[in-house]
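These notes concern the structure reproduced below.
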Amino acid sequence: MPFLPVRDTDVHYEAEGQGPGLVLVHGTGGDADKVFGNVVHHFSATRTVVRPNFSGSGQTTDDGSELTVDLITDQVAAVTRQAVRGPVDLLGFSLGAVVAAAVAATHPELVRRLILVGGWAHSTAPRDRFYFETWRKLLDTDRELFKRFSTLTGFGPATLNAFGHQGLAHSLADEWPPPGIGRQIDLGAKVDIRDLLPKITAPTLVIGLAGDNMIPVDGSRQLHAAIPGSRLVEIEDEGHMDWFADPTRLIDLTRAFIDAPDATV
């Protein structure tokens, strides 16, 4: 169970498999297992899959202070250097996509190819600020309502119906969310990496989730517009976390992108 000290934090990460590095960065309220536990085995036969838990998640510990994109970027970059020989293919989901983009911009030597899933460039728009403020208020006042709101905005209608009444009831009994999620929500509310995006030089695939009510697909379109030479693929009717239930499409897109010859990316 590896840990790495980074800027007064002790970062826990998972690493398994063999071959070139594939680093997977989770989002708000997630961790290495909850977000990527069901996809690791699809890559570990030919890749060394590294999954860091940034501050507020998993067994990573710190002093409890306010989180910044710079801090989490340093955590992910340090784990990448420690765990696998680079450059690596780097995939980030949600807040993890924000961080992955920042890593690619500030540590270009570390990143061979970049995949951004359900990400966004900034939280300054009224709707985004209102969403994060509402999310945080629910967390602070009523955790069951917080979980209901997160489920309703995180998954699409078809996925929610597939869970069934019993599955949805079971989700309310789960121990989630983790204690550090409030700090991650606060960070999400003040994201603005627009100045970093034009600095990204790695070939980049942006995967937009067209049915996303948590982080609307316009966030992925903003990333695509700002990252030179990037490619955008939108998955129709896909909610923010629908791929947790069925990651097939995400796995296929990722594999095709990271395995493609350089001339075809």
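For the numbers below, each heavy atom of this structure counts, side chains included, while hydrogens, waters and symmetry mates do not.
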* Any chance the side chains of Asp242 and Thr159 put a donor and an acceptor closer than 3.5 Å? ->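 A donor-acceptor contact under 3.5 Å links the two side chains.
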* Asked: Looking just at side-chain N and O atoms, do Gln75 and Thr9 make a donor-acceptor pair shorter than 3.5 Å?
  ->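 There is such a pair (donor and acceptor under 3.5 Å, judged by atom type) between the side chains of Gln75 and Thr9.
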* **Tyr131: ring-ring contact (aromatic ring centres under 6.0 Å, His included) partners, not counting sequence neighbours** =>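 For Tyr131 the ring-ring contact (aromatic ring centres under 6.0 Å, His included) partners, ignoring immediate neighbours, are Trp135, Phe149.
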* **Under the ring-ring contact (aromatic ring centres under 6.0 Å, His included) test, residues paired with Phe163 that sit two or more places apart** =>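 Result, ring-ring contact (aromatic ring centres under 6.0 Å, His included) vs Phe163: Phe155.
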Does [X], at its [atom1] atom, have more than 12 non-hydrogen atoms belonging to other residues, nucleotides or ligands within less than 6.0 Å?
X: Glu109; atom1: CD; answer: yes
X: Asp8; atom1: CG; answer: no
X: Arg85; atom1: CZ; answer: no
X: Arg255; atom1: CZ; answer: yes

When clusters are formed by joining ILVMFWY residues with side-chain heavy atoms under 4.5 Å apart, either directly or through shared neighbours, do [X] and [Y] land in the same one?
X: Leu152; Y: Met241; result: yes
X: Phe130; Y: Val191; result: no
X: Val217; Y: Leu209; result: no
X: Trp176; Y: Leu172; result: no

Approximate separation, where rounding is to 0.5 Å, of [X] [atom1] and [Y] [atom2]:
X: Ile258; Y: Ile115; atom1: CD1; atom2: CD1; value: 6.0 Å
X: Leu138; Y: Lys147; atom1: CG; atom2: NZ; value: 13.5 Å
X: Glu66; Y: Arg183; atom1: CD; atom2: CZ; value: 9.5 Å
X: Leu24; Y: Leu22; atom1: CG; atom2: CG; value: 4.5 Å

Please determine whether a side-chain nitrogen of the Lys or Arg among [X] and [Y] lies less than 4.0 Å from a carboxylate oxygen of the Asp or Glu.
X: Arg51; Y: Asp31; value: no
X: Glu236; Y: Arg249; value: no
X: Asp186; Y: Lys190; value: no
X: Arg7; Y: Asp70; value: no
X: Glu144; Y: Arg148; value: yes

* Minimum heavy-atom separation for Phe132 to Ala189, with atom names? ->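 Where Phe132 meets Ala189 most closely, the heavy atoms are CB-CB, 3.7 Å.
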* If every non-hydrogen atom of Asp192 is compared with every non-hydrogen atom of His122, which pair is closest and at what distance? ->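 Minimum heavy-atom separation between Asp192 and His122: OD1-CB, 3.7 Å.
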Could you check whether any side-chain N or O of [X] sits under 3.5 Å from a backbone N or O of [Y], counting only pairs where one atom can act as donor and the other as acceptor?
X: Thr60; Y: His12; result: yes
X: Asn53; Y: Ala32; result: yes
X: Glu238; Y: Trp243; result: yes
X: Ser57; Y: Gly30; result: yes
X: Gln18; Y: Thr48; result: no
X: Thr73; Y: Leu71; result: no
X: Thr153; Y: Asn213; result: no
X: Ser230; Y: Ile227; result: yes

* Could you give me the CA-CA distance, side-chain angles and deciding distance for Ile193 and Leu196, then say whether side chain to side chain contact (heavy atoms under 4.5 Å, CB included) is met? => CA-CA 5 Å; Ile193 58 167; Leu196 295 178; 4.3 Å; yes
Extract all donor-acceptor atom pairs below 3.5 Å that involve side chains of residues 86-103 and protein atoms in other chains or at least two apart in sequence.
{"unit_1": "Asp89", "atom_1": "OD1", "unit_2": "Arg112", "atom_2": "NH1", "d": "2.8"}
{"unit_1": "Asp89", "atom_1": "OD1", "unit_2": "Arg113", "atom_2": "N", "d": "3.3"}
{"unit_1": "Asp89", "atom_1": "OD2", "unit_2": "Arg47", "atom_2": "NH1", "d": "2.5"}
{"unit_1": "Asp89", "atom_1": "OD2", "unit_2": "Arg112", "atom_2": "NH1", "d": "3.0"}
{"unit_1": "Ser94", "atom_1": "OG", "unit_2": "His240", "atom_2": "NE2", "d": "2.9"}

* To do: Using the side-chain hydrogen bond (donor to acceptor under 3.5 Å, both in side chains) rule, take Asp10 and Thr61 through it: C-alpha gap first, then chi angles, then the decisive distance, then the call.
  => CA-CA 5 Å; Asp10 204 13; Thr61 58; 4.5 Å; no
